[in-house]
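Heads up, the thing below is written out as structure tokens.
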Amino acid sequence: MTGLYSQFTTDTKLEREGILLEYGTARNGQPITIRIARAGGANAQYLKRMEALVKPYRRQIQTETIDGKVVEKLIRQVYAETVVLGWENVEDRDGNPLPYSRDNCLKLFDDLPDLFLDIQEQAQRAALFRAELRE
């Protein structure tokens with residue numbers, strides 16, 4: 001592919017099954033990796049879950065009266081359920097292994113808000129989900 005198609009065509013399988021982000025090494029010397037799906041694109045679960053969680057707040061969103069903290073909580077929940085697919089070698093604050101789960105993901109997002117922001121940014125970058133770049 002050349003031109004616009006090579007610049008904008010993404011791999012829908014990657015968008016659903018995810019890519020690995022690496023965040024240094026754990027205490028055991030192994031790489032810390034977090035697998036993320038794309039926020040949008042072919043990740044239909046993301047869109048469905050976002051729509052379901054936002055529905056009760058639709059009126060507040062339309063009138064721009066929704067509390068920003070509520071929005072942030074909803075987005076983090078959607079990411080924990082549909083974007084972060086798993087991880088390896090993640091440790092808690094004390095260096096104990098932190099197995100992947102939705103609840104552990106939410107705790108990690110609460111403890112490390114800059115990590116959440118980075119994952120959010122990466123999950124929205126279509127370029128990361130192009131097969132051509134992943135090779």
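With contacts defined as side-chain heavy-atom distances shorter than 4.5 Å, the pair L53/Q77 qualifies. Counting only heavy atoms from C-beta outward, the side chains of Q122 and I36 approach each other to under 4.5 Å. Side chains of L20 and I34 form no contact here, defined as non-hydrogen atoms less than 4.5 Å apart. In this structure, T33 and N89 have side chains that are not in contact, with every pair of non-hydrogen atoms separated by 4.5 Å or more. I75 is listed as a side-chain neighbour of Q120, based on a closest heavy-atom distance under 4.5 Å.
R102 places no side-chain N or O within 3.5 Å of a backbone atom of E81 that could act as its donor or acceptor partner. Under the 3.5 Å distance criterion, the side-chain polar atoms of N43 are matched with a main-chain donor or acceptor of R38. At least one donor-acceptor pair under 3.5 Å links the side chain of E15 to the backbone N or O of A42. When atom types are taken as modelled, the side chain of W87 and the backbone of S101 share no donor-acceptor pair closer than 3.5 angstrom. The backbone N or O of L98 lies less than 3.5 Å from no partner atom in the side chain of E91, so there is not a single donor-acceptor pair. With hydrogens and angles ignored, the 3.5 Å screen pairs no side-chain donor or acceptor of D94 with any backbone N or O of N96. Distance alone, capped at 3.5 Å, places no donor-acceptor pair between the R125 side chain and the E121 backbone.
For Q45 against T82, the heavy-atom pair with the smallest separation is O-CG2, 3.6 Å. Pairing each heavy atom of V83 with each of A123, the nearest pair is CG1-CB, 3.7 Å. Closest heavy-atom contact between A52 and P56: O-CD, 3.5 Å. Nearest heavy-atom pair, C105 versus Y100, reported as atom, atom and distance to 0.1 Å: CB-CE1, 4.2 Å. When all heavy atoms of F129 and L14 are compared, the pair lying nearest together is CD2-O, 3.7 Å. Pairing each heavy atom of L85 with each of R16, the nearest pair is CD1-O, 3.6 Å.
Rounded to the nearest 0.5 angstrom, Y57 OH and T65 OG1 are separated by 12.0 Å. The distance from atom CD of E72 to atom CG of L74, rounded to the nearest 0.5 Å, is 10.5 Å. Annotation: the span from L115 atom CG to Y23 atom OH amounts to 5.5 Å, rounded to 0.5 Å. Taken from CG in L21 to CG in L128, the straight-line distance is 7.5 Å, to the nearest 0.5 Å. Interatomic distance, I119 CD1 to Q124 CD, rounded to the nearest 0.5 Å: 12.0 Å.
The number of heavy atoms from other shown groups lying within 6.0 Å of CD (E88) does not exceed 12.
Each of D111, D103, N104 was compared with K107 under the side chain to side chain donor-acceptor pair (under 3.5 Å) criterion, and only D111 meets it.
Geometric assessment of R76 against the ring of F116 yields a positive cation-pi assignment under the 6.0 Å and 45° thresholds.
Linking ILVMFWY residues whenever their side-chain heavy atoms come closer than 4.5 Å, directly or via other members, leaves L106 and I32 in distinct clusters.
Taking the six-membered ring for Trp and the full ring otherwise, Y79 and F109 have centroids separated by 6.0 Å or more.
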